[in-house]
Amino acid sequence: MEISLQFTELHSVKNKAQGLTEPSGLTLDANGGLWTVSDDTAKLFLLDRQGQVLKSIDAPASGFEGVAYDPEHRRLIAVKEESNAFFIFDLASGEPVAQRRLSDFEDFAQSATFFSQTKENKGLEGIAWNPADASIYAIKEGDPGVLLHLSGDLSKVISSVKLAETGVSDDDIALDDIDYSGLTVIPEHNLLAIVSDKAARIYFYDLTSGRVKSSAALTKPGKKPGKLKPVRKAEGVAYDPTSQTLYVISDKDAELYVYKVVISE
């Protein structure tokens, strides 16, 4: 399987007045809007496809790093890195309705060693809802980087895997130093697109084999015509299957990047 990304456009999402200065996490809702969080602000933000803030939802805390839309329950699920907790918001009312710590999940013991000696700021960083079975995938940033498969009701750890053992690689970064900052599902190919901010790369993880099948660099136009440069601190990713479009959001530059996904079997 060969996968490439074709850059199409970028938009600034920075909005100091609303508190959106360090965007992290990205998800697409049923109406085509993009939700994100800003880890220094206690809000969830709805953006249009050009990165403009349409509205926001107040949250009970700041420090969120990822967000996922669950269409079956019309809810948003945000992850907080420091506590490895999930905050659930009812989309209709905009109210927080539940909070659950990963350590309280059934069968968390199988993953506990991955979290037992983790350094500060290396906890849960991203989350995605899988339309194939309505389950949840979450990602631990590093030390080590881990992919967790969770039940849709956020009560059980189904499985967990250390990402360094799945075929991830980078020419410039040691395997155990690669970090992971977000993920989304590409349902028609049964893939996860996993973003790394240090590697400035998307890893395409095959859910059937449990292996990384391919990867693609995240780049944007440089100052000189025809020149590209890496995206800095990509912190969230969302996928639109109707147009095969990948959206990536940057914490460092507060920008939204748009790519066409081209896949050949």
Side-chain angles (χ1 to χ4, degrees), residues 3 5 10 13 20 22-29 33-40 44-47 51 63-70 76-82 84-87 102 121-130 135-150 160-161 163 166 168 170 173 178-187 191-205 207 212 215-220 230-241 245-259 261:
I3 308 175
L5 298 177
L10 71 82
V13 303
L20 180 54
E22 299 180 9
S24 181
L26 199 64
T27 191
L28 189 72
D29 70 17
L34 293 164
W35 287 89
T36 189
V37 293
S38 186
D39 57 13
D40 60 343
L44 283 68
F45 299 91
L46 176 62
L47 312 177
F64 293 121
E65 294 288 347
V67 61
Y69 173 64
D70 173 356
L76 292 168
I77 308 167
V79 292
K80 189 173 172 64
E81 183 178 30
E82 294 174 355
N84 292 312
F86 300 84
F87 288 72
L102 180 63
N121 295 329
K122 294 292 184 181
L124 292 179
E125 186 81 6
I127 183 170
W129 183 83
N130 186 6
S135 64
I136 300 289
Y137 286 92
I139 206 155
K140 181 177 176 292
E141 181 180 8
D143 195 32
V146 176
L147 177 66
L148 298 115
H149 188 196
L150 311 172
S160 57
V161 60
L163 283 163
T166 65
V168 170
D170 186 84
I173 302 174
I178 297 174
D179 68 341
Y180 309 94
S181 52
L183 73 167
T184 190
V185 179
I186 301 179
L191 296 172
L192 291 177
I194 300 172
V195 64
S196 168
D197 66 354
K198 284 186 180 179
R201 183 168 291 275
I202 295 282
Y203 295 99
F204 296 97
Y205 177 92
L207 288 168
V212 170
S215 71
L218 287 173
T219 58
K220 65 178 184 177
V231 168
R232 300 192 299 172
K233 285 191 69 64
E235 290 281 336
V237 59
Y239 178 71
D240 182 356
T245 301
L246 198 73
Y247 296 87
V248 175
I249 204 161
S250 159
D251 176 320
K252 183 72 173 180
D253 297 314
E255 291 179 331
L256 178 69
Y257 309 100
V258 186
Y259 300 88
V261 180

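Predicted model only: the values in this text are computed from it and were never measured. Side chains included, hydrogens not; waters and symmetry mates left out as well; all remaining heavy atoms used.
With respect to Asp253 and Lys220, a salt bridge is recorded, a charged nitrogen being found less than 4.0 Å from a carboxylate O.
In plain terms, the two heavy atoms of Ile139 and Gly182 that are nearest each other are CG2-N, 4.3 Å. In terms of heavy-atom proximity, Asp39 sits nearest to Glu22 at OD1-OE1, 2.7 Å. The minimum heavy-atom distance linking Tyr239 with Thr184 is given by the pair N-OG1, 3.4 Å. Here the closest heavy-atom approach between residue Lys198 and residue Lys122 is recorded as NZ-NZ, 4.2 Å. Heavy atoms only, all atoms of each residue included: Gly51 and Leu256 are closest at N-CD2, 4.0 Å. In this structure, Leu124 and Asn84 approach most closely via the heavy-atom pair N-OD1, 2.9 Å.
Summarising the geometry, atom CH2 belonging to Trp35 is positioned 10.0 Å from atom OH belonging to Tyr69; distances are rounded to the nearest 0.5 Å. How far CG of Leu192 is from CD1 of Ile202: 11.0 Å, rounded to the nearest 0.5 Å. Rounding to the nearest 0.5 angstrom, the gap separating the CD1 atom in Ile194 from the OG1 atom in Thr166 is 7.0 Å. Rounding to the nearest 0.5 Å places CG of Leu47 at 10.5 Å from CG of Asp29. Taken from CD1 in Ile249 to CG in Leu26, the straight-line distance is 5.0 Å, to the nearest 0.5 Å. Atom CG of Leu218 is separated from atom CG of Leu246 by 8.0 Å, given to the nearest 0.5 angstrom.
Between Tyr137 and His149, the ring planes lie parallel to each other; the angle is under 30°, not in the 30° to 60° tilted range.
Counting only heavy atoms from C-beta outward, the side chains of Leu28 and Leu34 approach each other to under 4.5 Å. Side-chain contact between Val67 and Phe45 is absent, with no heavy atoms from C-beta onward closer than 4.5 Å. Side chains of Leu183 and Leu147 form a contact here, defined as non-hydrogen atoms less than 4.5 Å apart. Using a 4.5 Å heavy-atom cutoff, the side chains of Asp70 and Leu76 are not in contact.
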Worksheet item: Can you list the steps and then say if Ile127 with Phe86 is a side chain to side chain contact (heavy atoms under 4.5 Å, CB included)?
Response: CA-CA 9 Å; Ile127 183 170; Phe86 300 84; 3.8 Å; yes
Item to complete: Go through the steps to decide whether Asn130 and Leu207 satisfy the test side chain to side chain contact (heavy atoms under 4.5 Å, CB included), and finish with yes or no.
Response: CA-CA 11 Å; Asn130 186 6; Leu207 288 168; 4.1 Å; yes
Fill in: Test log, rule side-chain hydrogen bond (donor to acceptor under 3.5 Å, both in side chains), inputs Ser181 and Glu125
CA-CA 5 Å; Ser181 52; Glu125 186 81 6; 5.5 Å; no
Item to complete: Start with the C-alpha distance between Ile186 and Phe204, add both sets of side-chain angles, then the distance that settles side chain to side chain contact (heavy atoms under 4.5 Å, CB included), and finish with yes or no.
Response: CA-CA 9 Å; Ile186 301 179; Phe204 296 97; 3.9 Å; yes
Worksheet entry | Val168 and Tyr180: CA distance, side-chain angles, deciding distance, side chain to side chain contact (heavy atoms under 4.5 Å, CB included) verdict | CA-CA 11 Å; Val168 170; Tyr180 309 94; 3.4 Å; yes
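Inspection of the Ser250 and Glu255 side chains reveals no N or O donor paired with an N or O acceptor under 3.5 Å.
Of the possible donor and acceptor atoms, none in the side chain of Thr245 sits under 3.5 Å from a partner among the backbone N and O of Asp240. Using modelled atom types, one side-chain atom of Ser24 and one backbone atom of Glu65 make a donor-acceptor pair closer than 3.5 Å. Between the side chain of Thr36 and the backbone N or O of Gly25 there is at least one donor-acceptor pair closer than 3.5 Å.
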